[in-house]
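Notes follow once the structure below has been shown.
Model, not experiment: these values are computed from the prediction.
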Amino acid sequence: MNRSELLTQECCHDVFEQALRAARARGVPDFEVTLRAHAAALTRFANNVIHQNVAESMVELEVRPVIGQRTARAATNRLDRGSIESLVEQAIALARAMEPDPALPPLAEHAPIAAVNRYFDSTARCSPAGRAACVAEAIGAVREAGHTAAGIYSTGESVEALLNSNGAFAFHGQTMAVFSITALGETSSGWAKGSAPDRNALDPVGLARRAAVKATKSARPREVPPGRYAVVLEPSAVLDLTGSLFADFSATSIEDRRSFLTGRMGAQLFGANITIVDDVFHPLQDGAPFDGEGAPRMPLTLVDGGAPKEIAYSRRAALRARVAPTGHGFPLPNEAGEAPQNVVFQGGDATLDGMIASTPRGILVSRLWYIREVDPYEKIMTGMTRDGTFLVENGEIVAGLRNFRFNQGLIDLLRNVESMSPSVRASGEESADMVVPAMKAGDFHFTELTRF
Amino acid sequence: MRELALQALDAAVSLGASYADVRVAHVRNRALSTKNGRVGRVAAAESTGAGIRVVASGAWGFAASDDLTPAGLNAAARLAVDIARAGAAAAHAEVVLAPQDAHVAEWVSPCRIDPFSVSVETQLAELLRVDAGLRANPGVTLAEASMEFTRDHQVFVSSLGSVIDQTRTLSGAGYTAHSFQDDEIQQRSYPNSFGGQHQLKGYELIEELGLADNAARVAEEAVALHYAPQCPQGRFHLILGSGQLALQIHESIGHPIELDRVLGSEANYAGMSFLTLDKLNRLRYASEIVNVVCDARPEHGPGLGTFAFDDEGVPSQCAPIVTAGLFTGYMTSRETAASIGAARSNGTMRASGWNRIPLIRMTNVSLQPGAQPLDEVFDVDRAIYMETNRSWSIDDKRYNFQFGCEIAWEIRNGKRIRMLKNPTYSGISTEFWNSCDAIAGPRHWTLWGVPNCGKGQPEQVIGTGHGASPARFRDVAIGGAYA
């Protein structure tokens, strides 16, 4: 491991001092500064060749004055003295245009924040040639299986810092590598994806082979009628389907009566085998150990034995509820309040093969796509299967299937979970990465078929 | 900005790029919102940077940086060329681009009232007036309203000799009344969901929308939905309001006609398309009354996809997509046009910002107005009329879709007889469009803005335009989501 050179702590302090001086010169002593920087590169391939190959680097400075219970936010990506002065002036003018907000919390006090190191030099320094070599090898694995490859390999680093005139200072730097690949056959496809702060923890060729096997096994897909089936959901499908639950574990969302937990906290909503926590320090998680106001993230038990137990509180929501903030607030001012960011499901001890073997008739789902909320209180979600959907009969995968549309209530789904694998870090396209198991569940509602 | 762009272009060419283009942009944004009587968000942002795209050793490379010093631009140009050369090792054929003339031009989108000249106090006061109007109804449990303004000034230069300076001003506003009652959440939005209406206009758009004038009706409908019967399940004639139809066009025509998607570039993420090359000029996409164009020209209207030149220097055009029901065209770039033997790109390459590479994106993909008066569209024994999107989903080849709307009414003999809640409908794209049997005329045609279209890796979110007037479809599957 090493440290990012994108934005040093010294640079953050220097920018903060410049902004604070500019604010004080305008009669504003209460002031918050957020700095973010990232450098990322992505190599994209399709039809077995690299067709897009990009890199970007940028920095962003956000300032927030607090003037007698008024606040506003302004941002720029210019860090020269004149731009900082102009930004501070603009933010102060915006804040002064507001009506006072009696519920606005004062700036956060300094609080100790436990360090978490997610920076890997091997990821930050990965060259275009390094990515191209991995991509070439992965394409080769898919071609060997007689399929065509498409996918991405990205590597990058990011830094986030928050400082305020109350002495708060929070700083986090990390790296992230993502590899995903689709193997395209004539009548089928397969997909696999992985992400990790350390690129050496990824196995692009292994992912390529997994995608290729799915494409091979799902060739010449059969058609079975829509209906209610037992399903085995691979971790990426669990991630993308359940990810939309967690914005509702928010004090503000419940107060606004837009959360499905409104009136349901403590109820036995899900099966007794469902326990879910939010834990930024989990070894498979990523992200900063502080929130948008600089408050340290605290662990939460969101669901305990099937009952929703704890929710996230921003400093503002905590003040109203007279509880301690949990460190999940979004940068102020905002409407949404707060949300869990580092979800971890407590998994089980089943294996994917075991779940399949114990299924007399059911459907194995590799990936779900275009998932949207149909009903906000019952949490009915719709979406499609994609890139590897299989018929299971008498404990064995017997055929690939044409893809389905589903309309499935998430509360019902988590009531019907029969078994789970150990949790893994899962990556999808519809939700931020989480730590989730594969799940076997009964009575999953597929409502229509598509044409492939 | 012009000098910076030319300097970066020189650097890229001198490093060996056989083709290069550079976009230097300055983007300014203001976002305001209110929630339940208080200000929710007040934010201003500015961003300046350069994106350098090159072909070197026959392959693409792109690098973006906000370091606009000579050293920063040179470093970005070098990185773009290095990336291209690294990618060339895994490329089987050299990039070939359709021919394109050089253009030297300056264009500023029409903007009667500069939204940044209107005070934040005035804008917040308008939102709070809407908020009060919504919450005057005691059944409204959450009132949310927002406005957003963007000015995007970009200079494009290319090694073909183009120097194009464009400034686009975009405005948007809207609101939603939520009502929670008896374990049910209902909502109504105005003038559309997902932030309302968005167009290439100044603050005059906000004045035209009549936001506060509609608040009482919107609040009343949100609450009334709790007492409405569930939308029935079955096959019915369906009439769609133009706001919902705009999203239907977006998902089931706009995305499938992206030629990069057809050719496989998006296979790993956004997916591919059922519109394989053999279907061009052969597929009966829709009924004979359906005509769809992809039109970025200013004369099409102030859409989110309106401009003078796209982000690879191609002039805006009107491309026929569906002509009297026949599939007649894709959206193309210089590279994809060349790959199918087209004479030139039809100008749909757009980047979400200076830091991202241009991709084929919808400009304004619009259903041309029909011939029928609105009364005739509704003149049917029985139908379901739906308005304002609540959920949307479509498969990765764009066949099977399902949409949910905020509200519906049952139509009998041309009249609305009762409100229905939780309406959804689903279908297969071509079957659905072939069932279209009535489209209202130009008086009812609106050019809607969809501000949140995502595509590409890294993902780029961009605004698109879709003109539509209310239309009728026969024998559509309705209500399946709640079955």
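- Remark: B:E121 CD is packed, more than 12 non-hydrogen atoms of other residues, nucleotides or ligands lying under 6.0 Å away.
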**OP:** Show your reasoning for whether ring pair (Phe, Tyr, Trp, His ring centres under 6.0 Å) applies to B:F432 and B:F401.
**Re:** CA-CA 10 Å; B:F432 180 80; B:F401 62 80; 5.1 Å; yes

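- Contact count versus chain A (heavy atoms, under 4.5 Å) is highest, among B:F180, B:Y482, B:Y269, B:W392, for B:W392.
- With chain A as the partner, the residue from B:S391, B:G51, B:A76 showing the most heavy-atom pairs under 4.5 Å is B:S391.
- When each of A:R131, A:M384, A:E60 is checked for heavy-atom pairs under 4.5 Å with chain B, A:M384 comes out on top.
- Note on A:A132, A:A93, A:G151, A:S83: by heavy-atom pairs under 4.5 Å with chain B, the leading option is A:G151.
- No donor-acceptor contact under 3.5 angstrom links the side chains of A:R372 and B:Q402, judged on distance only.
- Your options are A:T447, A:T43, A:T450, and the one with the most heavy-atom pairs under 4.5 Å with chain B is A:T450.
- Top candidate by heavy-atom pairs under 4.5 Å with chain A, chosen from B:A477, B:S65, B:G480, B:A84, is B:S65.
- Of the two parts of B:L79, only the side chain, counted from C-beta on, holds a non-hydrogen atom closer than 4.5 Å to a non-hydrogen atom of chain A.
- Contact of B:I428 with chain A is made through the side chain alone, with heavy-atom distances under 4.5 Å.
- Residue A:S180 touches chain B through both its backbone and its side chain, counting heavy-atom pairs closer than 4.5 Å.
- Neither the backbone nor the side chain of A:L332 comes within contact range of chain B; no heavy atoms are under 4.5 Å apart.
- One finds a salt bridge joining A:K379 and A:D248 here, because a Lys/Arg side-chain nitrogen approaches an Asp/Glu carboxylate oxygen to under 4.0 Å.
- Residues A:E373 and B:R390 are not paired through a salt bridge, judged by the lack of any N-O separation under 4.0 Å between the basic side chain and the carboxylate.
- Interface remark: A:V59 contributes backbone and side-chain atoms alike to the contact with chain B (heavy atom separation under 4.5 Å).
- A 4.5 Å side-chain heavy-atom check between A:N53 and A:R44 finds every atom pair outside the cut-off.
- Between the side chain of A:N48 and the backbone N or O of A:A149, at least one donor-acceptor pair lies under 3.5 Å.
- Looking at A:D101, only its side chain comes within 4.5 Å of chain B, counting heavy atoms on both sides.
- Closest approach of A:T389 to A:N403, counting heavy atoms only: OG1-OD1, 3.1 Å.
- Contacts between A:V135 and chain B at a heavy-atom distance below 4.5 Å are absent for every atom of the residue.
- Ion pairing between a basic and an acidic side chain is recognised when a charged N comes within 4.0 Å of a carboxylate O; B:K397 and B:E266 show no such pairing.
- Checked for salt-bridge contact, A:R451 and B:E431 meet the test: a charged N lies under 4.0 Å from a carboxylate O.
- Residue contact with chain B, scored on non-hydrogen atoms closer than 4.5 Å, is absent for A:R70.
- Interface remark: A:I152 contributes backbone and side-chain atoms alike to the contact with chain B (heavy atom separation under 4.5 Å).
- Only the side chain of B:I357 comes within contact range of chain A, with heavy atoms under 4.5 Å apart.
- The contact between A:R367 and chain B is made entirely by side chain atoms (from C-beta outward), counting heavy-atom distances below 4.5 Å.
- When each of B:L124, B:L68, B:V95 is scored by its heavy-atom pairs under 4.5 Å with chain A, the top score falls to B:L68.
- Contact of B:Q181 with chain A is not made at all, since no heavy-atom distance falls under 4.5 Å.
- In terms of heavy-atom pairs under 4.5 Å with chain A, the best-connected choice from B:N36, B:T48, B:N355, B:D66 is B:D66.
- With a threshold of 4.5 angstrom between heavy atoms, A:I181 approaches chain B through N, CA, C or O but not through any side-chain atom.
- Residues B:F274 and B:Y399 place their aromatic rings such that the two centres sit under 6.0 Å apart.
- A salt bridge is defined here as a Lys NZ or Arg NE, NH1 or NH2 lying under 4.0 Å from an Asp or Glu carboxylate O, and A:K193 with A:E429 meets this definition.
- Taking a cutoff of 4.0 Å between a charged side-chain nitrogen and a carboxylate oxygen, B:R356 and B:E459 do not qualify as a salt bridge.
- In this structure, the portions of A:T76 lying under 4.5 Å from any heavy atom of chain B include both its backbone and its side chain.
- In this structure, chain B has no heavy atom under 4.5 Å from any part of A:E99.
- By number of non-hydrogen pairs under 4.5 angstrom with chain B, the leading residue of A:H51, A:M98, A:E56 is A:E56.
- Between B:K35 and B:E144 there is no salt bridge, since none of the side-chain N atoms of the basic residue sits less than 4.0 Å from a carboxylate O of the acidic one.
- In terms of heavy-atom pairs under 4.5 angstrom with chain B, the leader among A:A46, A:S57, A:A129 is A:S57.
- For A:S259, there are no side-chain hydrogen bond (donor to acceptor under 3.5 Å, both in side chains) partners two or more places apart in sequence or in a different chain.
- Among B:H178, B:E251, B:R53, the residue making the largest number of heavy-atom pairs under 4.5 Å with chain A is B:E251.
- For B:L128, no part lies under 4.5 angstrom from a heavy atom of chain A.
- Both the backbone and the side chain of A:R257 come within contact range of chain B, judged by heavy atoms closer than 4.5 Å.
- Ring centroid separation for the pair B:F403 and B:Y425 comes in under the 6.0 Å cut-off.
- Every residue two or more places apart in sequence or in another chain that forms a salt bridge (charged side-chain N to carboxylate O under 4.0 Å, His left out) with B:K455 is listed here: B:E258, B:D260.
- Within the 4.5 angstrom heavy-atom criterion, no atom of A:E62 approaches chain B.
- Most heavy-atom pairs under 4.5 Å with chain B: of the set A:D375, A:T385, A:D387, this distinction falls to A:D375.
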